[in-house]
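The structure appears right after this line, and notes come after that.
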Amino acid sequence: MRVIAGEFRSRRLKSIPGNSTRPTPDRLRETLFNILAPRLEGATFMDAYAGTGAVGIEALSRGAGHVFFLERNRAALETIRENLAGLWVESRATVVSGPVLLTISRYAADIVFLDPPYDLAREYAAVLEVLSEAPPSLTVVQHSMHLQLPDRQGHLSRTRMVRQGDNALSFFAADAPEPDPGLTPDA
């Protein structure tokens with residue numbers, strides 16, 4: 001696995017042996033970051049269910065100011081730390097150990113990327129519900145084409161979906177706040 005573009009272009013990343021994680025395919029990662037490019041410079045990014053950390057490292061490579069890596073698998077956590085150390089970017093990253101549902105609300109990010117294991121279908125709605133309580137400006141969910149996500153979850157609304165092979169990326173934005181009916185526009 002390699003970093004696709006940016007500061008660390010073509011640098012190799014360590015992988016996790018076995019089938020405990022499902023890496024985001026390179027082509028899908030490239031599509032994701034082509035879409036995110038205008039929003040990424042200096043942004044705080046969250047890679048939830050981070051696996052090897054490839055998505056968050058790609059964000060750092062393309063200009064994100066800081067990345068939170070949320071993961072519960074011990075082998076994955078060690079791999080993320082090794083990948084960050086190999087690129088000398090530990091100061092621009094925070095690695096968080098524990099279940100995403102319990103840790104995600106403790107950290108604020110401009111852009112949140114979610115990639116729960118496909119066999120945990122309930123996890124998608126549960127994490128979106130937690131995020132909708134204090135929504136980031138953009139949430140991106142990678143999911144199977146066969147999983148139907150809601151168009152709305154709390155204060156998050158799907159604004160776009162990109163399909164690629166058996167994978168999909170759903171983009172959710174925070175709802176605009178309702179205007180206060182007691183306020184009148186300036187004349």
Side-chain angles (χ1 to χ4, degrees), residues 1-16 20-117 123-124 127-128 130-132 134-143 156 162 167 169-174:
M1 185 176 340
R2 293 181 181 269
V3 178
I4 297 168
E7 180 182 354
F8 309 118
R9 182 177 185 204
S10 298
R11 296 282 301 270
R12 287 184 132 337
L13 299 175
K14 292 185 178 196
S15 297
I16 302 166
S20 61
T21 61
R22 175 187 34 79
T24 299
D26 286 354
R27 197 169 137 229
L28 187 64
R29 203 166 10 118
E30 184 172 14
T31 298
L32 169 66
F33 283 99
N34 286 342
I35 293 167
L36 295 180
R39 301 173 144 220
L40 211 50
E41 189 63 39
T44 301
F45 189 92
M46 182 181 293
D47 185 357
Y49 307 92
T52 63
V55 171
I57 289 170
E58 191 75 39
L60 286 170
S61 182
R62 293 179 185 233
H66 192 85
V67 174
F68 292 102
F69 294 87
L70 279 56
E71 179 58 63
R72 74 181 303 169
N73 179 293
R74 287 179 191 243
L77 288 162
E78 185 58 34
T79 301
I80 293 167
R81 288 183 182 106
E82 289 175 15
N83 282 331
L84 292 169
L87 298 171
W88 299 83
V89 291
E90 299 98 326
S91 65
R92 293 172 51 200
T94 302
V95 179
V96 180
S97 174
V100 171
L101 272 172
L102 299 177
T103 58
I104 198 163
S105 63
R106 298 178 193 159
Y107 302 92
D110 303 309
I111 303 168
V112 173
F113 177 77
L114 302 170
D115 184 15
E123 194 94 354
Y124 289 86
V127 173
L128 285 171
V130 170
L131 284 174
S132 76
S137 60
L138 181 64
T139 300
V140 183
V141 183
Q142 179 182 337
H143 58 95
L156 292 171
V162 176
N167 294 294
L169 295 170
S170 287
F171 294 78
F172 291 85

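- Taking both residues in full, the closest heavy atoms of Pro117 and Tyr49 are given as CD-CD2, 3.9 Å, listed atom of the first, atom of the second, then distance.
- Met1 is listed as a side-chain neighbour of Thr52, based on a closest heavy-atom distance under 4.5 Å.
- Nearest heavy atom pair, residue Glu123 against residue Pro116, reads CG-CB, 4.2 Å.
- Within the structure, every pair that satisfies the salt bridge (charged side-chain N to carboxylate O under 4.0 Å, His left out) test and touches residues 72-91, not counting sequence neighbours, is listed here: Lys14-Glu82.
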Any chance you could lay out the side chain to side chain contact (heavy atoms under 4.5 Å, CB included) test for Val141 and Leu169, step after step, and finish with the verdict? CA-CA 6 Å; Val141 183; Leu169 295 170; over 6 Å; no
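- When atom types are taken as modelled, the side chain of Ser61 and the backbone of Glu7 share a donor-acceptor pair closer than 3.5 angstrom.
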*asked:* side chain to side chain contact (heavy atoms under 4.5 Å, CB included) for Phe45 and Val55? Distances and angles first, verdict last.
replied: CA-CA 10 Å; Phe45 189 92; Val55 171; 3.9 Å; yes
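- The line from CD1 of Ile111 to OG1 of Thr44 is 9.0 Å long, rounded to the nearest 0.5 Å.
- Nearest heavy-atom pair, Val100 versus Ala48, reported as atom, atom and distance to 0.1 Å: CG1-CB, 4.0 Å.
- Here Asn73 contributes atom CG and Thr79 contributes atom OG1; the two are 8.0 Å apart, rounded to the nearest 0.5 Å.
- The distance from atom CG of Asn167 to atom CZ of Arg29, rounded to the nearest 0.5 Å, is 12.5 Å.
- Within the 4.5 Å cutoff, the side chain of Phe113 has heavy atoms near those of the Gln142 side chain.
- Contact between Ser137 and Arg39 at its shortest, heavy atoms only, is O-NH1, 4.1 Å.
- Closest of all the heavy-atom pairs between Ala109 and Pro136 is O-CB, 3.2 Å.
- For the pair Val96 and Phe69, the minimum side-chain heavy-atom distance is 4.5 Å or more.
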Practice task
Starting from the C-alpha separation in whole Å, work towards a yes-or-no answer on side chain to side chain contact (heavy atoms under 4.5 Å, CB included) for Leu84 and Leu60.
Solution key: CA-CA 10 Å; Leu84 292 169; Leu60 286 170; 4.1 Å; yes
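- The residue from Asp47, Leu128, Leu138, Thr139 that alone fulfils the side chain to side chain contact (heavy atoms under 4.5 Å, CB included) condition with Val112 is Thr139.
- Looking at Asp115, its side chain never comes within 3.5 Å of a backbone N or O of Ala50 through a donor-acceptor pair.
- Between Gly56 and Val67 the shortest heavy-atom distance is O-CG2, 3.5 Å.
- Relative orientation of the Tyr107 and Phe68 rings is tilted, given thresholds of 30° and 60° on the angle between their planes.
- Here the straight-line distance linking atom CG of Leu114 with atom OH of Tyr124 works out to 9.0 Å at 0.5 Å rounding.
- Within the 4.5 Å cutoff, no side-chain heavy atoms of Val140 are placed close to those of Ser170.
- A heavy-atom distance below 4.5 Å is found between the side chains of Glu71 and Ile80.
- Taking CZ of Arg27 as the reference point, atom CD1 of Ile4 lies at 11.5 Å (rounded to 0.5 Å).
- Every residue meeting the side chain to side chain donor-acceptor pair (under 3.5 Å) condition with Arg62, not counting sequence neighbours, appears here in chain and number order: Glu58.
- Distance CG/Leu13 to CZ/Phe8: 10.0 Å, rounded to 0.5 Å.
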